[in-house]
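Quick notes on the structure that follows.
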Number of protein chains: 2
Amino acid sequence: MTQTPSTPLSATEKAGPLPRQRRTYSIGELARMFEVTTRTIRFYEQEGLLAPERRGQTRIYDEKDRVRLKLTLRGKRLGFSLAEIREVVMMYDAMPDGNRRQLRRLIEILTDKRRNMERQLEDIRLMQLELDDVERRARDVLEGLGD
Amino acid sequence: MTQTPSTPLSATEKAGPLPRQRRTYSIGELARMFEVTTRTIRFYEQEGLLAPERRGQTRIYDEKDRVRLKLTLRGKRLGFSLAEIREVVMMYDAMPDGNRRQLRRLIEILTDKRRNMERQLEDIRLMQLELDDVERRARDVLEGLGD
DNA sequence: GCCGAGGTTGACGTTAACGTAAAGTGCTTG
DNA sequence: CAAGCACTTTACGTTAACGTCAACCTCGGC
């Protein structure tokens, strides 16, 4: 009865009028799709980031799982730990019936992540300048060697 | 043995009117300055990222070292490994007398890093959208609870 | 019936990036 | 001169995020 409408985390999903096919994926498919190993995917499940269904022993992943994996990997590329990612993900899941304190906590976390992003943006900007500089010098030296 | 002429490593040494003084730093100063531990700084040296001078046993860091530490930490925040950072740093140092092959290799690495940055920029953009979305929903639920 | 391709659960191994504790050195301050 | 810092080396410990076996199941095809 507590069937949550199960809307996956998504700001970028085009909710077309198409009858959404209930596509599913095997662990191997997902692995190839995102260029990770199956070990990684199982590990993420063990860490509470995924919860695929089972047909017998075999894991079957649906669209929601796929999106979650995608977001997890994106978070990782941005330097978040699995623990951090899990925190947000779990709070998101618990949101519908979350109490005020939890929700405020979630917003607090999000604000923090956002600050993190801002800093990274600045870091990237500065790093790009450094790279430009180093590359320019390298090219100068190359030229000096008589290209 | 080596009698050093009692220079008290004063931070505010009035040697001249020039603003560009040959300032030096102790390991503790740098640690506080960047909010890392001295262990971290020594570790970076061990990994070939820093090479401070010594007065007896004690490490003395100059402006160049400080900048390098700053860049290292920035690289870390962007998810580069110490090995990667070292690669760039060492090649940069060896640049003046670097041969063509090395220089091309350096430029290749830089191009790679740059691609990395581009991807991170995109990741950040997407992640910000996600965060916006999650936060908006959280606020909606909060409001629904009768704020 | 057997085989290979994929899937499963342990369980132990590995690597990066430090943390932490022990034991010593050197300066300066009461 | 004793105490107290800040610094040093050595060395073992720790954590996250997987990698790497081993030993097993299971299903479609020949």
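Throughout, a chain's letter reflects where its sequence line sits, starting with A, and its residues are numbered from 1.
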Quiz item: Between atom CD1 in A:Ile60 and atom P in C:dG6, what is the gap in whole Å?
Solution: 19 Å
Quiz item: Rounded to the Å, how far apart are B:Leu50 CG and D:dT8 P?
Solution: 12 Å
Quiz item: When you check the side-chain N and O atoms of A:Gln120 and A:Asn116, is any donor under 3.5 Å from an acceptor?
Solution: yes
Exercise. For B:Gln46 and C:dG19, give me the distance from atom CD to atom P, rounded to whole Å.
Key: 13 Å
Exercise. Have a look at B:Arg54 and say if it touches a base, only the backbone sugar-phosphate, or nothing, with a 4.0 Å heavy-atom cut-off.
Key: sugar-phosphate
Quiz item: Would you say A:Arg55 has more than 12 foreign heavy atoms packed within less than 6.0 Å of its CZ?
Solution: no
Self-check item: d(CZ, B:Arg86; P, C:dC18) in whole Å
Solution: 13 Å
Quiz item: What integer distance in Å separates A:Leu30:CG from C:dT8:P?
Solution: 11 Å
Quiz item: Could you state the CD1-C1' distance from B:Ile41 to C:dG19, rounded to the nearest angstrom?
Solution: 15 Å
Self-check item: Letter per nucleotide, 5' to 3', of nucleotides 10-20 of chain D [B base touched, S only sugar-phosphate touched, - untouched; heavy atoms, 4.0 Å]
Solution: -B-----BBBB
Quiz item: Do you know the tightest heavy-atom contact between B:Arg86 and B:Gly48?
Solution: CG-O, 4.1 Å
Exercise. Report which part of the nucleic acid B:Arg42 touches: base, sugar-phosphate, or nothing (heavy-atom distance under 4.0 Å, all strands).
Key: base
Self-check item: Cluster overlap B:Tyr25 with B:Phe34, hydrophobic side-chain contacts below 4.5 Å
Solution: yes
Quiz item: Going only through I, L, V, M, F, W and Y residues with side-chain contacts under 4.5 Å, is there a path from B:Leu49 to B:Met33?
Solution: yes
Quiz item: When you check the phosphate oxygens OP1 and OP2 of C:dG6, does a side-chain N or O of A:Thr38 lie under 4.0 Å from one of them?
Solution: no
Practice problem: Would you kindly give the CD-to-C1' distance between A:Gln57 and D:dC24, to the nearest whole Å? | Solution: 9 Å
Quiz item: Starting at CD of A:Glu45 and ending at C1' of C:dG7, how long is that distance when rounded to a whole Å?
Solution: 13 Å
Exercise. With the side chain of B:Arg59 defined as its heavy atoms from C-beta on, choose the nearest nucleotide among D:dT8, C:dT8, C:dG7.
Key: D:dT8
Quiz item: Are B:Leu30 and B:Leu71 grouped together when hydrophobic residues (ILVMFWY) are joined by side-chain heavy atoms under 4.5 angstrom apart?
Solution: no
Exercise. For A:Arg54, look at atom CZ and say whether over 12 heavy atoms of other residues, nucleotides or ligands are found less than 6.0 Å away.
Key: yes
